[in-house]
There are 2 protein chains.
Amino acid sequence: MGTQAEPRKLLSRERVLRTAIKLADESGLGAVTMRRLAEELGAEAMSLYYHVSNKDDVFDGMAELIGQEINEAAAGVSTHDGGWKAAVRQRILTAREVLLLHPWMPSLLSIRNTASASIIAHHDAIVGLMHDGGLSYDLIHHGLHALGSRALGFAQELFDPGKGPVSDETISAMAAGLPNIAAMLAEVAHDDPASTLGWCDDQTEFEFGLDLILDGLHHRSSATS
Amino acid sequence: MGTQAEPRKLLSRERVLRTAIKLADESGLGAVTMRRLAEELGAEAMSLYYHVSNKDDVFDGMAELIGQEINEAAAGVSTHDGGWKAAVRQRILTAREVLLLHPWMPSLLSIRNTASASIIAHHDAIVGLMHDGGLSYDLIHHGLHALGSRALGFAQELFDPGKGPVSDETISAMAAGLPNIAAMLAEVAHDDPASTLGWCDDQTEFEFGLDLILDGLHHRSSATS
DNA sequence: GCGTAAGACTTACGATGTAAGAATCTTGGA
DNA sequence: TCCAAGATTCTTACATCGTAAGTCTTACGC
């Protein structure tokens with residue numbers, strides 16, 4: 001009997017948050033406004049406030065859900081028998097894979113530094129792996145600080161010293177004021193543009209830094225015990 | 001000739017940026033709005049646009065000035081004779097001291113990841129110190145990535161696992177879902193609340209992470225050469 | 001039918017960045 | 001001294017944002 005209009009799916013906190021994540025995935029965190037979010041849901045902005053207390057609550061909810069995604073992904077990966085270092089490494093790289101699907105997460109976490117339950121749980125798992133490996137809680141504590149955002153799979157890069165191929169002109173132009181960086185760029189010449197998580201945050205570079213820290217922790221653990 | 005009204009100091013890009021920094025120091029980055037900034041300068045919001053192209057330009061200018069402050073502070077510190085590691089460490093800790101005076105810098109840098117000239121110069125200096133110390137440019141390049149924001153004196157902390165004294169109730173409350181973190185907190189018990197740069201970013205923790213990375217670079221350098 | 005409460009909507013306000021153009025002030029040449 | 005021509009500042013206005021307050025709609029037990 002004719003068009004029965006759209007089914008008008010009900011709103012819910014879950015649906016709001018999922019839509020917010022989809023919106024951020026597609027158009028960036030800046031596109032997540034209450035009005036745009038409502039539009040995406042076929043509702044009005046103020047209607048969201050019945051399910052969500054305010055925008056920060058939306059942000060926190062998004063982080064919580066991504067944290068769950070990380071934990072689920074990690075649950076599906078067998079705990080290696082290669083020692084705590086391999087296990088922690090694995091967990092963190094798994095987290096990173098999830099974050100690569102949601103590149104806005106780093107920004108979100110820097111805006112809202114409240115700890116969501118699922119992200120704390122992720123850290124709890126890391127602490128557990130380290131402790132099982134024989135590290136003291138004191139060392140683990142220092143280690144968590146040393147890892148910082150790396151525990152979640154990303155590193156804050158301050159700028160992008162070599163996005164794309166560095167032209168020779170660029171190098172000679174900066175050679176005057178920045179002799180050392182110029183020399184480095186001339187020699188290193190980033191060639192793998194397979195980056196993405198924000199800013200020049202290569203998988204290779206990420207793993208290098210991660211291993212540097214894990215090795216350091218391992219060394220300090222062996223030396224002490 | 002009575003009161004001659006206020007002298008009405010002239011606006012200038014310099015004055016706008018300095019005032020923005022002062023405002024951020026006093027009331028946080030969120031207080032830096034064009035109107036508030038204008039008010040502070042005894043002018044109208046739109047008048048600023050003659051000296052500054054937009055708000056992002058203000059942010060970039062602030063970062064540039066802080067970068068200069070870092071470089072000036074570093075210039076006043078003698079380059080040690082303790083090898084490249086001590087020299088780099090010194091430079092980074094000096095940068096950190098400046099950042100501690102401007103706790104909003106981390107947030108600013110995460111919002112505007114454009115590279116200001118002075119901050120690039122700071123990195124150039126670090127590259128120089130490392131190269132003088134015999135590190136290969138390739139290793140230096142990796143090292144810079146590994147350092148990330150730490151090169152400027154801060155580390156992104158995701159949340160604050162132990163701000164202030166951790167109450168026993170808190171620990172027993174979380175013991176159920178987070179056995180490992182609970183156990184760690186029970187044992188470690190943060191006791192030095194002399195933190196500040198954002199979130200639980202102790203000087204001690206910062207230096208621990210910094211040394212972990214520098215030691216790792218040193219080790220990888222020795223092994224290769 | 002009818003109250004009742006959950007859920008969605010309307011309207012409105014203050015804050016923000018900034019476009020467009022008017023007003024004022026400064027300065028140098030006639 | 002006067003006046004044209006920048007240089008600088010101000011006025012007004014608009015779009016967008018988060019959200020407070022209150023109203024309408026719908027579903028359902030009686």
Side-chain angles (χ1 to χ4, degrees), chain A residues 1-24 26-64 104 107-108 110-114, chain B residues 1 3-24 26-63 104 107-108 110-114:
Chain A
M1 41 202 84
T3 54
Q4 202 194 336
E6 314 113 45
R8 276 293 204 172
K9 224 168 156 191
L10 284 182
L11 288 179
S12 74
R13 182 181 169 85
E14 173 86 12
R15 217 160 79 79
V16 169
L17 298 181
R18 296 274 174 219
T19 306
I21 288 175
K22 196 185 60 173
L23 196 51
E26 290 166 358
S27 317
L29 203 53
V32 180
T33 70
M34 297 307 276
R35 287 175 232 259
R36 182 101 166 67
L37 189 47
E39 186 187 348
E40 210 79 7
L41 287 158
E44 295 302 314
M46 289 310 292
S47 305
L48 308 185
Y49 283 84
Y50 188 83
H51 305 276
V52 139
S53 62
N54 51 41
K55 195 178 177 181
D56 279 345
D57 189 27
V58 173
F59 281 155
D60 291 346
M62 292 169 76
E64 169 67 21
W104 41 269
S107 311
L108 198 168
S110 80
I111 293 173
R112 304 281 314 154
N113 68 326
T114 60
Chain B
M1 32 208 89
T3 55
Q4 204 195 336
E6 314 112 48
R8 277 291 206 176
K9 224 168 154 191
L10 283 182
L11 288 179
S12 73
R13 181 182 169 85
E14 173 85 11
R15 218 160 79 80
V16 169
L17 298 181
R18 296 274 175 219
T19 305
I21 288 175
K22 196 185 58 170
L23 197 52
E26 289 165 0
S27 318
L29 203 54
V32 180
T33 71
M34 298 307 276
R35 284 175 235 260
R36 182 99 166 67
L37 189 48
E39 187 187 347
E40 211 78 8
L41 287 159
E44 296 301 315
M46 288 310 293
S47 304
L48 308 185
Y49 283 83
Y50 187 81
H51 305 277
V52 138
S53 62
N54 52 41
K55 195 178 177 181
D56 280 346
D57 189 27
V58 172
F59 282 155
D60 292 346
M62 292 169 75
W104 40 268
S107 311
L108 198 166
S110 81
I111 293 173
R112 305 280 315 152
N113 68 325
T114 60

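None of the values given here were measured: they were computed from a predicted structure. We name chains A, B, ... by the order of the sequence lines, and we start the count at 1 in each one.
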Using whole Å, report how far [atom1] of [X] lies from [atom2] of [N].
X        : N       : atom1 : atom2 : value
Leu37(A) : dG18(D) : CG    : C1'   : 13 Å
Glu39(B) : dC10(D) : CD    : P     : 13 Å
Tyr50(B) : dT24(C) : OH    : C1'   : 14 Å
Arg15(A) : dG7(C)  : CZ    : C1'   : 13 Å
Leu48(B) : dT16(C) : CG    : C1'   : 14 Å
His51(B) : dA7(D)  : NE2   : P     : 13 Å
Leu10(A) : dG7(C)  : CG    : C1'   : 8 Å

For dT8(D), does OP1 or OP2 lie under 4.0 Å from any side-chain N or O of Ser47(B)? no
5' to 3', nucleotides 18-23 of chain C under a 4.0 Å protein heavy-atom cut-off (B base, S sugar-phosphate only, - none) gives BBB---
Shortest non-hydrogen contact between [X] and [Y], atoms and distance:
X        : Y        : answer
Ser27(B) : Arg36(B) : OG-NH2, 4.1 Å
Ala38(B) : Leu48(B) : N-CD1, 3.9 Å
Met34(B) : Val52(B) : CE-CG1, 4.5 Å

Can you tell me which residue among Leu23(B), Val32(B), Leu29(B) is in a side-chain contact (heavy atoms from CB on, under 4.5 Å) with Trp104(B)? Leu29(B)
What's the closest nucleotide to the Glu44(A) side chain, out of dC17(D), dC9(C), dT11(D)? dC9(C)
Under the salt bridge (Lys or Arg N to Asp or Glu O under 4.0 Å) test, residues paired with [X] that sit two or more places apart:
X        : result
Glu14(B) : Arg18(B)
Arg35(B) : none
Glu64(A) : none

Which pairs count as side-chain hydrogen bond (donor to acceptor under 3.5 Å, both in side chains) when at least one residue sits in residues 43-55 of chain B, sequence neighbours excluded? Ser53(B)-Asp57(B)
When the axes are fitted on five pairs at both termini, how much does the helix from dG1(C)-dC30(D) to dA30(C)-dT1(D) curve, in 10° steps? 30°
So do Thr114(A) and Phe59(A) actually touch side chain to side chain, heavy atoms under 4.5 Å? no
